[in-house]
Every structure is written in structure tokens, then in C-alpha cells.
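The block underneath contains the structure these notes are about, expressed in C-alpha cells.
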Amino acid sequence: MRVRRTRTIRTAAAVGTALVLASALAACGSGSGDGGAVTLTFWTHTHPPMVKLNEALIAEYQQQHPNVKIKYQTIPNDEFNTKTLTAMSNGTGPDVLNMDDSALRGEYLPKELVAPIDAGALGAASADEVKARYNAGVLDGAAKDGQYYGLPSEFNATAFAINTKHFTDAGLDPNAAPKTWDEVAADAKKLVAAQHTQAFSFLYLHSGWYSQQLQTLLNQTGGTLTDPGHEHATVTSPQSVAALQLWVDLAAGKDKSADPNKTSREATSPFSDLATGRQSMAIVYPWAMEQIRQSNPDVYKQLKVVPLPQLNPAQPVNRWYGYYWAVGKASKHQAEAWKFISYLASKHERWLSDVDFIQPVSGWDTGQAAKKVDALPVWSSAYQKGKFDQVAPHYSEVQDALTDMVNDAVFDHVAVPDAAKKASDRIDRSLGS
Amino acid sequence: MAVLALPRRRDSADRRRHTTGMLLAIPALALFAVFAIYPMLRVFYLSVFDYSLTTPPKFVGMDNFAHLATDPQFGEAVLQTVVYAAGTYVPALALALVLAHALNNRTRAGGLIRLLYFLPVAASWVAVSVIWRVVLNPDGLLNQALGLHLNWLTSSDTAMWGLVLMGVWKETGFFLILFLAGLQAIPGELYEASELDGAGRWSRFRYVTWPMLRPVTAVCSVMAVIRGFQAFSPQLVLTNGGFGTEVVNLFVYKTAFENARMGRASAVAVLMFLLLFVLTLVQLRVFARRDR
């Protein structure tokens with residue numbers, strides 16, 4: 001009996017070992033669908049209205065293409081780049097991703113992680129024909145060395161929102177919105193006096209948000225992050241320091257217009273202070289207004305979109321940024337992936353009507369959906385002239401340095417030139433290694 | 001003959017048992033080798049390469065270590081780790097010892113009180129961090145309770161101490177249970193004998209409790225250092241390393257996964273491994289010497 005039991009245990013152990021090894025080996029080489037069936041993985045961040053429309057469009061596409069299955073995965077905004085970059089770097093990333101232009105140009109294109117557009121799959125004879133479908137310059141957010149790597153899922157210009165009720169409470173004319181940052185500061189003082197204490201605040205969410213707001217100001221002061229060759233940081237230049245000083249004056253200095261310690265830091269609902277009526281003025285994008293309309297319709301009715309305040313209103317400078325649908329270079333189904341993207345992009349009217357995502361195909365602002373967009377002239381004007389953010393090698397490290405620079409100056413009250421110098425040294429170290 | 005044959009049969013049975021034992025252990029050992037040993041060796045290997053995941057690793061010798069030696073950000077991360085570890089675990093250990101001593105006398109509510117102290121340990125760091133984000137808010141519970149107006153998580157003067165406070169709250173229960181187990185293992189006769197010898201409360205603690213607790217204290221001490229140097233989640237969730245709270249593990253995470261500098265991140269991991277190894281050896285030696 002004992003011998004038999006021992007044998008049984010030994011057999012079980014051997015089988016167990018074999019099973020573990022077999023499953024480990026199986027895990028090393030996962031197969032994909034065959035027999036004509038294609039499974040595409042599709043990753044995006046978690047903007048709720050966008051997720052809802054993506055799900056609807058995926059269902060439609062799968063119905064029209066029974067051989068294609070789309071596995072859709074959303075990843076929280078503040079983890080999206082880290083997870084996607086890591087996965088794509090080791091070849092386990094998605095077939096289709098939705099990524100912002102800074103990350104694309106800063107990390108994904110230099111690392112050759114995404115594939116150039118497939119004009120044929122997009123129903124065009126050439127990449128130039130695809131480019132011609134969009135307003136001038138739009139595809140530059142996903143371009144490298146004259147090649148294009150993505151189509152815009154959303155393309156944002158920057159504007160400003162004011163809460164008209166708060167303005168009226170403070171004795172301000174809602175039809176005379178601030179045109180300069182000095183006027184923002186002056187109006188903020190009156191709003192604070194009327195108990196709207198969070199009159200204007202920047203958003204302190206994650207490094208992407210810090211750097212995009214700083215670049216909004218850098219565009220206006222003429223400042224830059226690095227020299228054109230990306231050899232040295234230029235955040236200590238007078239123009240760049242002026243941008244940081246402007247931020248500090250409004251946030252914590254002579255023009256303090258809110259307590260930055262009391263602004264919401266929830267990255268999944270970035271505009272919650274404006275949306276809940278706590279904040280009176282904010283820098284906004286089209287998608288943000290739609291999010292507020294859906295989540296807080298009563299406050300939305302109080303809001304008015306006006307042009308972004310400028311240092312020099314006679315020569316306004318706007319900031320552009322976009323998210324692009326792109327295809328992983330490691331994808332085994334690139335043509336199918338671009339066909340799926342082609343379908344998503346063909347629904348630009350729905351993206352505008354349902355989510356307020358502007359996909360600036362030629363004549364976007366004359367379509368049926370555009371007619372229903374609040375403040376269309378403001379947005380349309382903001383789209384006329386803009387600049388993409390400057391990016392640099394090791395852009396994540398640069399963004400971290402900018403974040404600490406702003407934190408030092410705004411929250412720890414470090415002198416602006418000292419904060420800029422510290423960031424400059426850090427960026428130089430990053431660029432040089 | 002039968003007497004001579006018996007050991008041989010026993011040897012054979014022992015061998016079979018050992019073989020069976022080895023076979024049963026193989027799956028676990030294989031998993032351990034694949035998921036623990038191999039990654040660790042790989043980290044040592046990668047530490048001498050420049051590797052960004054997308055291009056083949058390039059051998060750079062000791063360059064990664066040389067860079068770290070002159071990188072002020074890494075230096076700050078090490079210092080901040082030491083401050084966090086010491087700030088959290090020295091008070092947590094002391095508090096745990098005091099509380100364990102108080103709870104050692106079995107009362108009817110003793111079990112419930114022990115459970116309450118242990119609850120924060122059972123909760124995940126992320127969940128606890130989310131709760132403490134509310135507690136440490138400028139309008140949060142802590143400021144209200146203490147009548148303060150501190151911006152706990154958005155100032156370099158206070159962010160670290162906010163994290164330390166949370167760490168002490170979270171970790172004390174863990175050591176409390178260990179100390180309590182140690183206290184309850186001390187034979188009551190020793191206390192009776194010392195009382196007969198006229199020892200007071202302090203003398204009983206000094207000459208009975210403390211020496212008898214030394215093995216448990218050694219374990220607690222080693223674990224405290226390791227847990228302190230492994231801090232990561234609260235710093236990520238509450239400050240993302242801002243305001244002077246970037247600890248070494250967060251530095252590794254950002255270097256590896258946000259900035260794709262796998263070689264440099266591996267070099268930091270190697271340095272931390274060696275540091276922890278040395279610190280553990282020193283602690284064990286110190287406690288062993290006292291035992292002699």
C-alpha cells in the first residue's frame with residue numbers, strides 16, 4: 001500500500017511538473033486568431049463620453065466586419081502613457097492606440113514604436129491624399145521626417161471659460177470677458193471679493209498637464225524648453241522665465257486668484273472645480289466643455305467660452321494639441337488596424353456631436369454637427385493659428401523637471417529664476433545622458 | 001541477517017521519500033526560479049547596459065553607477081528614503097512595543113482591540129492612501145482635529161511628514177502583533193521569580209521582557225528596514241514623488257517605466273539590494289552579539 005501511495009505521489013508530482021512547464025511554454029507563445037478571423041486590440045484613456053462612442057463604433061464595425069473582433073481596453077489617464085510605452089516597447093502593446101501628440105513625437109516616433117499610415121487601407125492613393133483631407137498642419141502632430149503616423153481622434157485648440165453667474169455676482173459684465181492675463185487678475189480680485197474664492201486656477205494633475213499649461217504660456221511669451229538641437233535647456237531664458245512668472249503671479253503671487261492647494265487633483269475629471277461651480281474661470285478645450293455639459297448641465301448653462309487671454313491680444317498665439325489613432329509597429333494586422341481607424345475617422349460628425357471632439361477635416365466647421373457647437377466662432381478662430389508643444393528627447397524626464405519647477409515656484413515659493421535654474425540643470429543632465 | 005537487512009530497506013525507503021519530496025518541490029522551485037531568481041539575475045546583468053527596451057542593450061560597464069554617483073536627484077531619493085524609513089518605522093516599532101505591552105494583559109475586549117490595530121495592516125497601501133488624501137486635505141480631518149492650516153501634501157515642509165504619519169498609523173499594527181506574540185511566549189515563571197526578588201515594573205521589563213523579546217525585536221528590526229526601503233505606493237498615490245517625497249523605489253519606477261532607462265533603473269535596484277543586504281547582516285550581527 002505504502003509503495004503504491006509513494007508511486008502515486010511521484011506520478012502526481014511528475015504530472016504537476018509537466019503541467020507547470022507546459023503552461024509556462026504555452027504562455028511564451030500565444031497565438032492569434034486564424035482562419036480569416038482577426039482580433040485587434042485597441043487601447044485608449046478613460047474620457048467617459050469618448051469611451052461610450054468608441055464602444056458604439058466598435059459594435060457597429062464588428063457587425064459590418066464579422067471576421068474582425070476588437071478588444072477594447074481603457075487605461076486611467078495618468079497611467080496610460082507608462083503602460084502603453086512599456087507594453088509597446090516589449091512588443092506586447094495594442095494594435096491600435098489613441099495617443100497624444102507630445103507623447104507620439106517625444107517617445108513613440110523616436111523609438112519607432114508606431115507604423116506609418118497605410119494610405120491604401122485608408123482608401124487613398126497616397127499619404128499626401130490623406131493629408132489633404134485635413135486642415136493644413138493638422139497631421140504634423142504625428143509626423144516625423146515627412147512621414148505621417150496617425151489620424152486625429154481629437155484636435156484641440158485652447159480657449160477660456162467664464163462662469164457668467166459668478167461674473168454677475170461680482171458686478172462684472174459677462175459680455176466683457178478678460179482679453180489679457182492682467183484683466184484675468186483684475187477680474188479675479190473682484191470675484192474673490194464676491195466670495196468666489198477659486199476665481200482662476202491652473203490644473204495640478206500630472207506632468208502632462210503641467211507641461212501643456214506651461215507651453216500655453218511659453219507660446220505667448222516666446223519661450224522654449226530647449227534649443228532647436230535639443231542640446232541645452234532654455235527654461236532660464238528671459239522669455240521662458242516670464243512664462244513661469246506669469247503662472248506664479250496668477251497662482252500664488254501678486255495676482256493670486258485662487259488657493260492652488262484647494263484645486264481638485266483628480267486626473268480622471270480634470271475640470272471638476274469649474275464643472276461644480278467652485279471655479280470661475282479656466283483654460284478649456286472643446287472636449288472639456290462637453291464633459292461638463294454631460295456631468296453638470298446646470299453649471300454648464302452658466303459657462304461661456306471666450307478666446308484664450310493673451311499677453312498681446314493684437315497677436316494672439318494659440319496652442320494646439322491632438323490625440324491620434326496610431327497603429328503599433330509590432331502589430332501583425334496593420335492593414336486591418338488602419339481600416340478600423342478609417343472607420344472611426346469617417347464618423348467625424350458623430351465625434352463632434354456626441355463628444356465634442358473636433359477632427360479638423362477640411363470644412364469641419366460648416367457641417368451639421370458644427371452648427372450645434374456652442375461658441376463655434378471662438379473655437380473656429382482658435383483653430384486658425386496655433387502651435388504644437390515643443391518636445392525633446394527623454395520628454396518624460398523633461399516634463400518631470402517642469403512639474404517640479406512649477407511646484408517649487410508655486411507651492412514652495414522658491415524664487416522663479418532659482419526654480420528655473422534647478423529645472424534647467426536637470427533637463428541638461430537628461431539631454432546629455 | 002534480518003537485522004542487517006533492515007537498515008538497507010530503511011535507506012531505500014528514505015531515498016524514495018527524498019526523491020518524492022524533490023519531485024514535489026520541483027514545480028514550486030521552477031516557478032521561484034522563473035519569477036524570482038531569473039529576474040533578479042537579469043537586473044544585475046542589465047545594470048551594466050544602456051537599454052531602452054526598443055533597441056538592443058549596449059554594454060556600458062560601470063557608467064550607470066557613475067551617473068548615479070553624480071545625480072543629485074538620486075541622492076535626494078536616497079536621503080528621502082532614509083528619512084521616510086526612520087521617521088515611520090522607529091516610532092512604529094516603539095509604539096507597537098508599548099501597545100503590545102499594554103494589550104498583553106488579557107482582557108475581554110483584548111481580541112477586538114488587537115483586531116482594530118491590525119485592520120490598517122490588512123488594508124492595501126493604495127486604499128489607505130486614498131483615505132489619507134482626504135485626511136491630509138487642507139480642509140481635511142487632521143487639520144480640523146489639530147486646529148491647523150497646513151497644506152500637508154503640497155509643501156516640501158510637510159509632505160514627507162504627512163506620509164510618515166500615515167505610515168506609522170498603517171504599520172504599527174503589524175509590529176504590534178509580532179511583539180504581542182513574543183510577549184505571550186515569555187514564561188510567566190520568570191516574572192513570578194523576578195517579583196519574588198523584588199523587581200519593580202521597569203526592572204521586570206529591563207531584565208526579563210526586553211532580553212526575552214530580543215529575537216522578535218531582531219525580526220521586527222530587519223523587517224522595518226526592508227519595509228522602509230521598499231516604500232512606494234503612498235508616495236506614488238499621494239504626491240507622485242513631488243514636494244521632497246520621491247523615494248528610491250519611485251525613482252526606479254520612473255526611470256524604468258516612464259523614461260525607459262532600464263539599465264540605469266537596474267543599477268539603482270542593484271545598489272538597493274546590496275545596501276539592504278549589508279544592513280540586514282549588520283542588524284543580525286548586532287542582535288547576535290547581544291545574545292552572547
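Lettering follows sequence order; numbering is per chain, from 1. Hydrogens, waters and symmetry mates are skipped; everything else that's a heavy atom, side chains included, is used.
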_Can you tell me which of T86(A), N90(A), N261(A) forms the most heavy-atom pairs within a distance under 4.5 Å of chain B?_
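Result: the option with the highest number of such pairs is N261(A).
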*Check each atom of S207(A) against the heavy atoms of chain B and say whether the ones under 4.5 Å are side chain, backbone, both or neither.*
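Neither; nothing under 4.5 Å.
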*Is it the side chain or the backbone of D400(A) that comes within 4.5 Å of chain B heavy atoms, both, or neither?*
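It is the side chain, since no backbone atom gets that close.
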*Validate the cation-pi geometry between R227(B) and F174(B): distance from NZ or CZ to the six-membered ring centre under 6.0 Å, angle to the ring axis within 45°.*
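Yes, R227(B) sits over the ring of F174(B).
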Check whether any side-chain heavy atom of [X] lies under 4.5 Å from a side-chain heavy atom of [Y], and answer yes or no.
X       : Y       : value
L402(A) : V235(A) : yes
K256(A) : L250(A) : no
F251(B) : D71(B)  : yes
L68(B)  : L271(B) : yes

_Can you tell me which portion of D63(B) sits under 4.5 Å from chain A's heavy atoms? Options are side chain, backbone, both or neither._
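The answer is neither part of D63(B).
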I need the residue from [options] with the largest number of non-hydrogen atom pairs under 4.5 Å to chain A.
options                  : answer
E258(B), H67(B), R264(B) : E258(B)
R261(B), M262(B), M22(B) : R261(B)
P72(B), G242(B), A260(B) : P72(B)

_Among R16(B), R17(B), H18(B), exactly one meets side chain to side chain donor-acceptor pair (under 3.5 Å) together with D14(B). Which residue is that?_
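Option passing the side chain to side chain donor-acceptor pair (under 3.5 Å) with D14(B): R17(B).
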*Please say which of F65(B), F74(B), F273(B) ends up in a side chain to side chain contact (heavy atoms under 4.5 Å, CB included) with V268(B).*
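Among F65(B), F74(B), F273(B), the one that satisfies the side chain to side chain contact (heavy atoms under 4.5 Å, CB included) with V268(B) is F74(B).
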*chain B contacts: which residues in residues 411-420 of chain A have a non-hydrogen atom closer than 4.5 Å to it?*
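Under the 4.5 Å heavy-atom cut-off, F411(A), D412(A) qualify.
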*asked:* Between W132(B) and W169(B), is the ring centroid distance below 6.0 Å?
replied: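 Judged by ring-centre distance (under 6.0 Å), W132(B) and W169(B) do meet the cut-off.
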_Strictly distance-based, threshold 3.5 Å: is any side-chain N or O of Q213(A) a donor or acceptor partner for the main-chain N or O of L203(A)?_
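A pair under 3.5 Å: yes.
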